[in-house]
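Single-structure report; data block below.
The chains referred to below are lettered A, B, ... by the order of the sequence lines, with proteins before strands, and numbering in each begins at 1.
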There are 2 protein chains.
Amino acid sequence: MGITIYDIAEAAGVSIATVSRVFNDNPRVSESTRAAVMEVADQLGYQPHASARSLARQQTETISAIVPMLSNYFYAEVLKGLQDRMAETSFDLLVYSAPTLDEVEGQLEKALHRGRSAGVMLFSAPVIDGLEQRLQQSDIPVVLVDCYHPAYDSISTDNRRGGEVAADYLLSTGVRNPAVLMANPHSVPASHRLEGFRHGLSRQGITLEEDHLIVSSMGYHDGFNEQAGYEGMTKLLEAGIKPDGLFATSDVQAIGAMEALRHSDMNIPEHIQIIGFDDLPIARYVGLTTLRQPMSEMGARAFELLMERMTRPANTVAHTVFAPTLIPRTTTREHVAV
Amino acid sequence: MGITIYDIAEAAGVSIATVSRVFNDNPRVSESTRAAVMEVADQLGYQPHASARSLARQQTETISAIVPMLSNYFYAEVLKGLQDRMAETSFDLLVYSAPTLDEVEGQLEKALHRGRSAGVMLFSAPVIDGLEQRLQQSDIPVVLVDCYHPAYDSISTDNRRGGEVAADYLLSTGVRNPAVLMANPHSVPASHRLEGFRHGLSRQGITLEEDHLIVSSMGYHDGFNEQAGYEGMTKLLEAGIKPDGLFATSDVQAIGAMEALRHSDMNIPEHIQIIGFDDLPIARYVGLTTLRQPMSEMGARAFELLMERMTRPANTVAHTVFAPTLIPRTTTREHVAV
DNA sequence: GTCCCTGATGTAAGCGCTTACAATTCACTT
DNA sequence: AAGTGAATTGTAAGCGCTTACATCAGGGAC
C-alpha cells in the first residue's frame with residue numbers, strides 16, 4: 001500500500017541506496033539521477049516511513065513535553081512559544097499530560113520509551129527520587145520548565161524576585177496591611193512567590209499577619225484556579241478581615257478574588273489593591289496589575305536549551321531564569337508620595 | 001546502549017520470539033517462562049523500542065492533532081478532553097500547530113508521513129481542494145473538529161442554533177436594537193453564529209441594522225481575541241451607535257467589548273446586555289452570559305470517533321453535533337414579561 | 001594502451017521488533 | 001512402545017530505511 005524506496009528505485013532504474021541518498025541530501029549523487037529520482041518520487045507521492053527511518057538512523061526527530069494541564073494558559077502559552085521555535089526545525093512534538101504529580105512518572109515512562117523521543121521537557125514537576133533515577137538511567141536530554149534541579153538544564157521565572165517586586169509595589173502605592181492568596185504550598189513557584197513577598201514586606205518593616213494568608217490547594221492544578229481565588233477571598237471576608245492589599249500567586253486566583261469582592265462593600269482599588277502573577281491576556285481586560293512571565297519566550301528558550309543539550313550532551317548544565325516584570329494596571333493605585 | 005530483546009533472550013535463556021511474545025501478551029507462553037523473562041527484563045530495565053515495534057507491526061499508536069493555536073482556550077480544552085480519554089489507551093498525541101490556514105497543509109503533510117500516525121484530528125480547518133486530495137490519497141483515518149465536510153467524521157457545535165438561542169434570549173430580556181461583534185466572516189463557526197442570530201431576530205420581526213454589525217478579523221485567530229472585541233466596541237461607540245444588546249461570536253471578544261464599555265457611559269446590563277459564546281472559565285468570573293460549548297466532551301468524543309474509524313474504516317461517516325447551552329449570568333437581565 | 005584515481009552507483013548488512021512456520025517436548029492413547 | 005495432538009519454543013524472514021564497503025566507469029598521466 002505505502003510505496004517504498006524499492007518502488008522508486010525500480011521505477012527510476014537505480015538502486016535503493018541511491019534513492020535513499022537523494023532523500024538524505026547526500027552529495028554523492030549526480031545531478032541527473034537526483035532529478036530523475038525526485039521526478040519519480042513526486043509522481044508516486046512517495047513519503048519516507050518515519051519509523052523505519054528512525055530505526056535505521058537510531059534517532060528520532062521527536063521531542064516530548066510532559067505538562068500538568070493543557071487548558072492552563074501558562075502551559076499552553078509556553079508550549080506555543082516552544083512550537084513556534086520548533087517549527088523552524090523538522091522536529092515533532094509529543095504532548096503528555098500529568099495533572100497530578102503521581103502521574104508524572106507514568107507519563108515520563110511513556111515518553112522515555114526507547115526510540116520515542118530525542119529529548120524530554122518536564123513542566124512544573126519537582127525531580128525527586130524515582131524520577132531522578134529514571135531520568136538518569138535513560139540518558140535522554142531533559143530540560144526542566146518552571147522547576148529546578150541542579151543536575152538538569154532548566155528554565156524558570158525568578159519567583160522570589162516577583163514576590164519582592166509585588167511587595168515593593170504594593171507598599172509604594174500605600175498598602176500597609178496586605179493579604180496573600182496562596183496556592184498549594186507544595187508548589188515550588190507558589191512558595192517562592194510568597195517567600196519573596198514576605199521578604200519584600202519585611203525590608204520595609206511590615207509583616208504579613210498570619211490570618212491574612214489564605215492557603216488554598218483546592219481544585220485542579222494546585223489551587224491555581226479562579227475558584228480557589230474566589231473561595232479564598234470569600235473566606236477572608238467572612239472572617240471579617242479587611243486587608244488593604246492583596247497579592248495573589250496567580251492571575252486566575254486574583255480574578256476569582258475580584259469576583260468575590262464584587263459581592264462585598266469593598267472597592268478595587270480604593271479599599272483594596274490587587275496584584276496577580278502571570279499576566280494572562282485576560283489580565284489586561286480586567287485591569288489587573290500583575291507580574292508578567294515571558295511565557296512564550298520561556299518556551300522558545302526551553303527548546304533551544306534542549307537542542308543544545310541534544311547536540312552537545314557534555315555541556316555544563318545551564319539554568320536560565322527570567323525576571324518577571326511589573327505591569328501596573330487599575331487594580332492598584334498610582335504611586336503615593338512616601 | 002539500549003538493551004534489546006536479544007539481551008533479554010540471552011539472559012533468560014530463551015529465544016527472542018519468546019521474549020517478544022511475553023511483551024505482547026501472547027498466550028502461547030508458559031507461565032514459568034513468562035515470569036522468568038519478566039524478571040530479567042525488569043532487572044535490566046528493558047524498554048521496547050517504539051520505532052522498531054511500529055515498523056514491524058506496520059502500525060503506530062500515535063495520533064496527530066493539527067490545531068490553530070494551543071494558547072486558545074477552546075483548543076486547549078478540547079485537547080484536554082481528548083487526552084483524558086486517550087490516557088485510558090496506550091496512544092500518544094502528536095500536536096502540530098497551524099496558526100493560519102496556509103500552514104495547515106504543511107503540518108498535515110508532516111502528520112501524514114507514512115508510519116507517523118494512526119489517525120489525524122484536524123481542528124477548525126475547512127477541508128478544501130489540496131487538503132481533501134491529500135487526505136484522500138493517504139487513507140489515514142481523520143476526524144474533523146469544529147468544522148464539517150461530508151466525507152469525514154466530524155464533531156462540532158450547532159453554531160446556527162447557538163446564534164438563534166442568543167437572539168431569543170436577548171429578545172426575551174427586552175433587547176430591541178442589538179449589535180453583533182463578528183469575527184472573520186471567513187470563519188465558518190463565526191458566520192454560522194451570525195446567521196443563526198439573524199434568523200432568531202427575524203422570527204420576531206427584528207432585523208440587525210447593517211451598521212450594528214462590526215466585523216473584525218484583526219489579530220490572531222480570525223479575530224477571536226480580546227483586542228478585536230475591544231476595538232470593535234470602541235468603533236461602534238465612536239460612531240455614536242448605542243445598541244441595547246450585544247452578541248459577540250466568542251467570549252473573548254465579549255470581554256474586550258466589556259472593557260471598552262467600561263470607558264463609556266453605558267452600563268452593563270442596564271444600558272446594554274451582552275452575550276458571548278464558548279463559556280470559558282473566565283466568563284463565570286466576569287459574569288458573562290454565554291453559550292456553552294462542551295469542549296472537553298467534544299475532545300473525548302473526537303477521540304472515540306477516531307478510534308472507531310481506525311478499527312472499522314468502512315463504517316459510514318458520522319457527524320456529531322453538540323447543542324450549545326445557554327448560561328445566563330449578569331451581563332444580561334432577567335426575563336421581562338412580554 | 002595501461003594504471004590509478006575519482007566520482008557515481010550498487011550490494012548487503014544491519015536497526016529492534018513481529019510473526020508465520022517449523023521444531024520440539026510431553027502427556028496421553030492405543 | 002510407538003503414535004498423536006496440544007502446548008511451548010525456536011528459526012528466520014521480513015518491516016523500510018541507512019550506510020559501510022565493494023564495484024564500476026571514465027578521465028587523466030605516463
Side-chain angles (χ1 to χ4, degrees), chain A residues 1-41 44-62 90 112-118 138 140, chain B residues 1-41 44-62 90 112-118 138 140:
Chain A
M1 189 170 60
I3 62 159
T4 75
I5 46 172
Y6 287 90
D7 302 321
I8 308 288
E10 191 175 343
V14 297
S15 75
I16 59 161
T18 300
V19 177
S20 175
R21 286 193 192 100
V22 168
F23 280 93
N24 288 290
D25 288 322
N26 188 315
R28 299 170 18 165
V29 183
S30 73
E31 261 325 305
S32 57
T33 56
R34 179 182 304 276
V37 167
M38 279 315 237
E39 159 95 32
V40 174
L44 270 56
Y46 169 71
Q47 285 262 289
H49 186 112
S51 307
R53 194 170 239 195
S54 72
L55 178 58
R57 286 202 191 137
Q58 294 286 79
Q59 53 158 281
T60 47
E61 291 213 305
T62 302
S90 53
L112 254 32
H113 255 85
R114 232 154 25 94
R116 185 156 349 276
S117 30
S138 89
I140 270 187
Chain B
M1 190 169 62
I3 62 161
T4 74
I5 45 172
Y6 287 89
D7 302 321
I8 308 289
E10 191 175 343
V14 297
S15 76
I16 58 160
T18 300
V19 177
S20 175
R21 286 191 193 101
V22 169
F23 281 93
N24 288 291
D25 289 321
N26 188 316
R28 296 167 22 160
V29 183
S30 74
E31 262 323 306
S32 57
T33 56
R34 178 183 302 275
V37 167
M38 277 314 236
E39 159 96 32
V40 175
L44 270 56
Y46 169 71
Q47 286 262 287
H49 187 111
S51 306
R53 196 170 239 197
S54 72
L55 178 57
R57 286 202 190 137
Q58 293 285 78
Q59 53 157 279
T60 47
E61 293 213 303
T62 302
S90 53
L112 254 31
H113 255 84
R114 231 157 23 96
R116 175 129 35 253
S117 28
S138 88
I140 268 187

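One interatomic measurement links the two molecules: NE2 of B:His49 to P of D:dC15, which rounds to 18 Å at whole-angstrom precision. Rounded to a whole Å, the CD1 atom of B:Ile5 is 13 Å from the C1' atom of D:dT11. Atom CD1 of B:Ile16 is separated from atom C1' of C:dG16 by 9 Å (rounded to the nearest Å). Rounded to an integer number of Å, the gap from B:Arg114 CZ to D:dC17 C1' is 10 Å. If you measure from atom CZ of B:Arg53 to atom P of C:dT19, you get 10 Å, rounded to the nearest angstrom. When rounded to the nearest whole Å, the span between CD of A:Gln58 and C1' of D:dT19 equals 12 Å. Nucleotide D:dT18 holds its C1' atom 11 Å from the OH atom of A:Tyr6, rounded to whole Å. Distance CZ (B:Arg116) to P (D:dC17): 13 Å, rounded to an integer number of Å.
Counting non-hydrogen atoms under 4.0 angstrom, A:Thr33 reaches the backbone sugars and phosphates but no base. Across all strands shown, B:Asn26 has no heavy atoms under 4.0 Å from either base or sugar-phosphate atoms. Counting any heavy atom pair closer than 4.0 Å across all strands shown, B:Ser20 reaches a base atom. B:Phe23 comes within 4.0 angstrom of nothing in the nucleic acid, heavy atoms only. Nucleic acid contact class of B:Arg57 (heavy atoms, under 4.0 Å, all strands): sugar-phosphate only.
Dashed line: the shortest gap from a side-chain N or O of A:Ser51 to OP1 or OP2 of D:dC17 is not under 4.0 Å. Between B:Thr4 and C:dG16, a side-chain N or O to OP1/OP2 separation shorter than 4.0 Å is absent. For the pair A:Ser15 and C:dT9, the criterion of a side-chain N or O lying under 4.0 Å from OP1 or OP2 is not met.
The 5' end of DNA chain C is approached more closely, in terms of each residue's nearest nucleotide, by B:Leu55 than by the other of B:Thr18 and B:Leu55. DNA chain D is contacted by both B:Pro27 and A:Gln47; B:Pro27 maps to the nucleotide lying nearer its 5′ end (nearest heavy atom per residue). Nearest-nucleotide assignment on DNA chain D puts the 5′-proximal partner with B:Ala17, out of A:Tyr46 and B:Ala17.
Candidate nucleotides D:dT8, C:dT11, D:dC17 were compared by shortest atom distance to the side chain of B:Ser30, and D:dT8 ranks first. Out of C:dA8, D:dT18, C:dT11, the shortest distance to the side chain of A:Asn24 is found at D:dT18.
Taking both residues in full, the closest heavy atoms of A:Leu112 and A:Ile140 are given as CD1-CD1, 4.2 Å, listed atom of the first, atom of the second, then distance. Residue B:Ser54 comes nearest to A:Ser51 through the heavy atom pair OG-OG, 2.7 Å, listed as atom of the first residue, atom of the second, then distance. Residue A:Arg34 comes nearest to A:Asn26 through the heavy atom pair NH2-O, 2.8 Å, listed as atom of the first residue, atom of the second, then distance. Among all heavy-atom pairs drawn from B:Glu61 and B:Ser90, the shortest one is OE1-OG, 2.5 Å.
You won't find any donor-acceptor pair under 3.5 Å spanning the side chain of B:Arg21 and the base of C:dT19, going by distance alone.
The OG atom of A:Ser20 sits 12.0 Å away from atom CD1 of A:Ile8, with the distance rounded to the nearest 0.5 Å.
Surrounding CD of A:Glu10 are at most 12 heavy atoms belonging to other residues, nucleotides or ligands under 6.0 Å away.
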